[in-house]
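The structure appears right after this line, and notes come after that.
Letters go in sequence order (proteins before strands), and every chain restarts at 1.
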Amino acid sequence: MMQIDLSVQHVLKRFGDFTAVNDISFDVESGRFFSILGPSGCGKTTLLRMIAGLAELDSGRIEIRGKDMAGISPNRRPVNLIFQNLALFPMMDVGANIAFGLQRRGESKSGIREKVSAILDRVDLAGFESKRIDQLSGGQKQRVAIARCLVLEPAVLLLDEPLGALDLKLREQMKVELKKLQAKVGTTFVYITHDQSEALVMSDYVAVMNHGEFEQIDTPQNLYSRPQTPFVAQFVGDNNAWSGTIRNCEGTVGEIETDDGFHFRSELHQPLPVGAAVDLFLRPESMLIQPDPSLPDLNRFEVVVRSTLFDGANSRLLVHPVNAETELLVALPQTHQYDYIQKDDTIEIGWATPSGICFPK
Amino acid sequence: MRKKSIYSVILIVAFWAVGSGIVLAEELALLTWKGYAPVNLVEKFQKETGITVKVTYSNNEEMIAKLRATRGAGFDLAQPSQDRISSVQQQFKIYQPIDLSKIDSKQIIPSMLEAVKQNTMVDGKPHAVPFCWGTSGLVVNRKFAPNATDYSDLLNAFYNGRISYRLKRPTLIALAFAAGENPFAKYSNEKDYEELMNRIGTAMIAAKPFVKSYWTNGDALLESMRSGEVHLAMAWDGAGWKLHAEDPNIDFVAPRSGALGWIDTFAIPAKAKNVKAAYKWINFMLRPENAAAFTNAEKYGTASNGANQYLDASVRANFERCFPMRHIANIKWYPPVPAKLESIEGKTLDKVKAAQ
Amino acid sequence: MDKNGMHDRLRWGLLLFLTPVFLWLVLLIVLPQIDLLIMSFRVESGYGDSSWSLYNYRQFFEEPIYWLTFVRTAVYSVLVTFLTFVVALPVAFYITKVVHPRFQGFLTVLLLLPFWVSELVRVYGWMILLRESGVINHFLLRMGLLQQPVEMLYQDATMIMGLVYTSMLFMVVPLISALESLDNSLIEAAYDLGANMGSILYKIIIPHATPGIVSGSIVVFMLTLGNYLTPNLMGGKNSLWFTEQIYNQFIASFNWNQGSAFGFLLLFLSSVIVWLGLKLTRQNLRKVVQ
Ligand SMILES: Nc1ncnc2c1ncn2[C@@H]1O[C@H](COP(=O)(O)OP(=O)(O)OP(=O)(O)O)[C@@H](O)[C@H]1O
Ligand SMILES: [Mg+2]
């Protein structure tokens, strides 16, 4: 059994009538990269600030390495927070920024100097001590902010959308670096973001948050392939959505009649009574283009191609069923196999029963 | 385009009319002491002559500084003390000679007119006529200081923390008299005068702990006497009598070594714009009933001949009570101050103020 | 058009634009001072005639009461500046960082309110409160906290309080604008990294607000040094302020030459003090004026 570095139990936070964080509980094991993923305004920062001690809880309990944090001020907690805007101190140079926390602990001058240069080495900024903050690039600032916290060897490092301000290319690069860094130092990371790809790429576990509550805590793979709620299904990855009604149910396989008149067989999340209204989700890559007629048990139907959305490995076809207006996205593998498909062509689409993700309304 | 320029011409004319309208209403710019231009007299004067009086309050030193800065412009009439005119006039030429033919001299007590004429004579021409007179002496709260009789009591530890006076030249002169000297006799000898002032300054510094405050503003002094914060002050007789009317315990006392007599005058600045109005105001203020109205309000003696019959009984009583014949004879009238003395006095006063 | 011609044109345009400014500076600010400057180097001998001399400046250094008064005035002004800063910083911090933004404007106006009346009225207000027969003594006696009224006026401490009160605004306003630009997350980050209130103040808030502190301090120092009314009325018998000495030279002693020499010495020495202050805090004026 691994040590629990951070344990959050029934935490609740209100701003007036508005509940920003609603009865959230989770544990993070030592050395994990734990992400909290949710849309803007869902309460991520508020939760993180409570863990750091910068905001008070209305109820609940936060433990760090088994110690209750109630009444312990932020400067005494073994956690450090990397702010959404990094909050580097512009009045100090890089070295002083990183030494700030160590000096507050009253460590010796030479010890501090050594630790600062070691941590700068770690984040690939060796020799940057005397640079001013405004001389750094975005990615370098990022790493200084991380170094400033890591040098204190916190039990848990909290990161509040630290990549938000970077451009796309740098963000992609930093994602990988951050993950590597975390693996190298082994510190427990709690990372919040509204960008699902960041969460999926880096994390060991991801909690999906919505309206102040956690919808699902799981590994990235499970979140993607087995979402537990419609919100998760829609928020994590792209999905095609139908609404429909159960016409027949055998175990966890149901026959669904969609509102635009299709009959599909799909895996159900749980057995449902006939006549129940459901939402059916289907990932673009679950849909096969012109499937081999010999493949059994496929839900097959004809669609008209509206356009091709080229995006490298992530290219799609935008289509609609022959006799309906519903827009669907279909993955388009870049293998030249489907180069013949033109706009306004009619093609056949098929998908297998286990690919359907179905929730009662 | 044409229309626009017509408008602007109209606008300019309008501004000019408004601006000159202020000038057209005849005005007298008067530089004087607080209380020397009572509102009712100013109104009466305006009714009689149509001239508005614009009053600026000041004191001797500031009057001289103001007129010196403008070389005698900005005011039509000033009211310096008679002893502060001749040397200032010699140095800075800030006044013009007074034309006695335009003064109704029958209205002025002859001996006083003559004295002022002599004392303000520069290049053979007089520069001022008298308006009022008064003395500096002690203002005493008899309840607490029944035995205060001379300026030397201003240095008396017995009145610890209840003494107030001005850090101005009259205080130095008064203390010199109280010390048995005659400072006026040393006016002509700078060296002796400086030595005397140093001696007085040393005595003042030694007695500084007993002082409550060096007053600068007449109203503030009246207030601290009224409230009982100050029991013994050096001030003008008029101030003492004003307080006496409110609280019989407080009164003016002519000091044993002599009250210091001053005469405030009318003098016309060198670049006065409205000289005619200045003469009108002088003659108006010295008319017996007007002069009496002033004295009844401010309690200072008047230079007006025949004002006596209009004076209130209480005002006459003030003079009779505080100035029996022997005190009148003992009044030390200020002679004209030669140049340079002010520097010596100023340094002494600075030293006193700076001493801790 | 070639680049040079363009450059020339720009220069002429700038010159044309600056001429009125320059004229204004010369005519209204420099010229009157020149008259005084000349006066300060002359001494009058007797009636009317005068000659060139350094006598007026020598007087300042040779006569202890003059330079001692200046030293006293300068030391007190520095003290007032420091106290004003100590009082103003929490006020500015409270207004910018603690109070709800809705009340910020209101509080700032409240702070401005005393300055709607003249300094004279404000000082008289203090005098009414503090004098021996004043309001505060009255209440203290009434409540039995005092047996005898005490004179609270006419003391250096009272005078300093009055000067601090008068200067507050000139310190609070630059501090507010300096602190407004301070990102709250910097304070929180420092707190999170283990800083306590003291080190947040010294390491984050004061360094960030330094330009505001310096400009506020210069203004307060200069205003205090040049104040006449407050030291005179509230300080009472011991409070010789250097400005009063200048006033005395001009008004009481009629010695304009000495007075203008003192005036220039005040200007020069206070500039030296400000310069020293800037050097000591390693600030430069250009940064502060921004
Ligand atoms: N101090 C506060 N007072 C009132 N409401 C607040 C306060 N702080 C946050 N909120 C509200 O709480 C909700 C959650 O805010 P929070 O900052 O935690 O969102 P977030 O998930 O971090 O969003 P983002 O991704 O945009 O940073 C928001 O609706 C916000 O308006
Ligand atoms: Mg946030």
Okay, C/D192 and chain A: the region with an atom under 4.5 Å from a heavy atom over there is both
With a 4.5 angstrom heavy-atom cut-off, is it the side chain or the backbone of C/N184 that approaches chain A, or both, or neither? neither
Give me the atom names and distance for the closest heavy-atom approach of C/P174 to C/G212. CB-O, 3.7 Å
Interface moiety of [X] toward chain C, non-hydrogen atoms closer than 4.5 Å:
X      : value
A/R77  : neither
A/N80  : both
A/L152 : side chain
A/L86  : neither

Student check: side-chain heavy atoms of C/L186 and A/P90 closer than 4.5 Å: yes
In terms of side-chain geometry, is the basic nitrogen of C/R72 or C/D156 positioned less than 4.0 Å from the acidic oxygen of its partner? yes
Please check if the side chain of A/Q140 supplies one atom and the backbone of A/S137 the other of a donor-acceptor pair under 3.5 Å. yes
Do we get A/K131 above A/F128's six-membered ring, with its NZ or CZ under 6.0 Å from the centre and within 45° of the axis? yes
